[in-house]
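Comments concern the structure below.
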Amino acid sequence: MPQDSRQYEAARYTLAVRTARFTIVGMRLKGKTAVITGAAHGIGRATAQVFARQGAELSLWDVDEEKGQELADELNGQGTRALFGKVDVSQAEACQEAADQAWSSMGKIDILINNAGILRDATLLKMTPDQWRQVVDVNLKGVFNAAQAVARRMVEQGTGGCILNASSVVALYGNFGQSNYVAAKAGVIGLSKTWARELGRKGIRVNAVAPGFIATEMVESIPQEVMKQALGRIPLGRMGQPEDVANLYLFLASDEAAYINGAVISIDGGMVG
């Protein structure tokens with residue numbers, strides 16, 4: 001074979017390898033379907049966008065119908081199949097209906113991102129029963145409701161799956177004025193470790209992610225003085241971005257994390273040593 005032909009064939013082979021690598025790396029969730037709770041804002045929205053770019057089909061759950069449908073329309077316009085459902089995760093029946101609808105529409109559910117959460121901050125002596133109940137209902141009971149509904153379908157499919165639950169670094173060290181939030185997020189860690197044992201034998205991996213201070217609307221409600229003190233405890237010297245957490249979710253949901261089960265992974269700029 002002439003030298004120029006060999007060079008041409010070598011170049012074509014190199015291009016093919018690079019293309020294949022791009023396809024593998026650039027479409028890590030191709031053929032996967034994912035349910036994301038709290039998808040309309042912040043980390044949930046960023047996760048939906050990252051997952052869409054990586055080839056996943058999406059079922060987006062949120063109580064904010066306007067923003068949730070807007071996101072679904074945006075992703076559909078970019079070529080991703082995205083369905084929106086107005087779902088209050090504190091209601092078990094609503095979660096089961098939404099999971100059944102997602103499963104029927106997409107044919108399967110491979111991934112659940114339990115991301116929905118709210119804040120109702122107050123110190124112990126000032127916290128009302130409603131503030132306690134609202135946060136626990138969404139941040140802990142909601143995780144249970146969504147996971148139970150989706151896991152039923154995952155077990156029925158028999159093809160395994162991945163459940164990722166949003167905890168928080170405050171679950172590891174506590175936080176002033178957040179008895180309800182800290183209790184709920186600590187409970188999420190316990191649920192995740194328990195479900196990893198129960199569902200692992202069925203091929204379903206369960207892990208918890210513990211974000212630190214992330215630049216979302218929720219964190220913007222924290223008083224500036226408190227935020228200044230928090231930033232002083234972060235070795236990287238800045239808040240995280242929603243995409244930082246979304247990229248961690250991506251890794252844990254991908255086949256690259258196939259042997260990670262029952263873990264609690266902090267993403268906090270080094271805040272928790």
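Since the model is a prediction, treat every value here as computed from it, not as a measurement. Index from 1, following the sequence.
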Any heavy-atom pair between the side chains of [Y] and [X] that's under 4.5 Å?
{"X": "Y249", "Y": "I36", "value": "no"}
{"X": "V135", "Y": "I118", "value": "yes"}
{"X": "Q157", "Y": "W103", "value": "yes"}

Item to check | Presence of salt bridge, E217 and R45, under 4.0 angstrom | outcome: no
Checklist entry - Is a salt bridge present between K228 and E225, judged by a nitrogen-to-oxygen distance below 4.0 Å? => result no
If you look at every heavy atom in [X] and [Y], which pair is closest and at what distance?
{"X": "V182", "Y": "V170", "answer": "CG1-O, 3.5 Å"}
{"X": "K67", "Y": "D64", "answer": "N-OD1, 3.1 Å"}
{"X": "G31", "Y": "D110", "answer": "O-OD2, 3.8 Å"}
{"X": "I109", "Y": "A99", "answer": "CD1-O, 3.7 Å"}
{"X": "R28", "Y": "S254", "answer": "NH2-OG, 4.1 Å"}
{"X": "N261", "Y": "G200", "answer": "ND2-CA, 4.1 Å"}

Taking a hydrophobic cluster as the set of Ile, Leu, Val, Met, Phe, Trp and Tyr residues connected by side-chain heavy atoms closer than 4.5 Å, whether directly or through intermediates, do [X] and [Y] fall within one such cluster?
{"X": "I111", "Y": "M154", "value": "no"}
{"X": "I267", "Y": "Y173", "value": "no"}
{"X": "L252", "Y": "L191", "value": "no"}

Item to check | Sole candidate of T37, V35, V87, T33 that passes side chain to side chain contact (heavy atoms under 4.5 Å, CB included) when paired with S59 | outcome: V35
Next on the checklist: Applying the side chain to side chain contact (heavy atoms under 4.5 Å, CB included) criterion to V245, which one of L250, I214, V50 satisfies it?
Outcome noted: I214
Next on the checklist: Per the salt bridge (Lys or Arg N to Asp or Glu O under 4.0 Å) rule, what does the pair list look like for residues 241-251, sequence neighbours excluded?
Outcome noted: R238-D244
Checklist entry - Will you find, in the side chains of D130 and T128, an N or O donor that is under 3.5 Å from an N or O acceptor? => result no
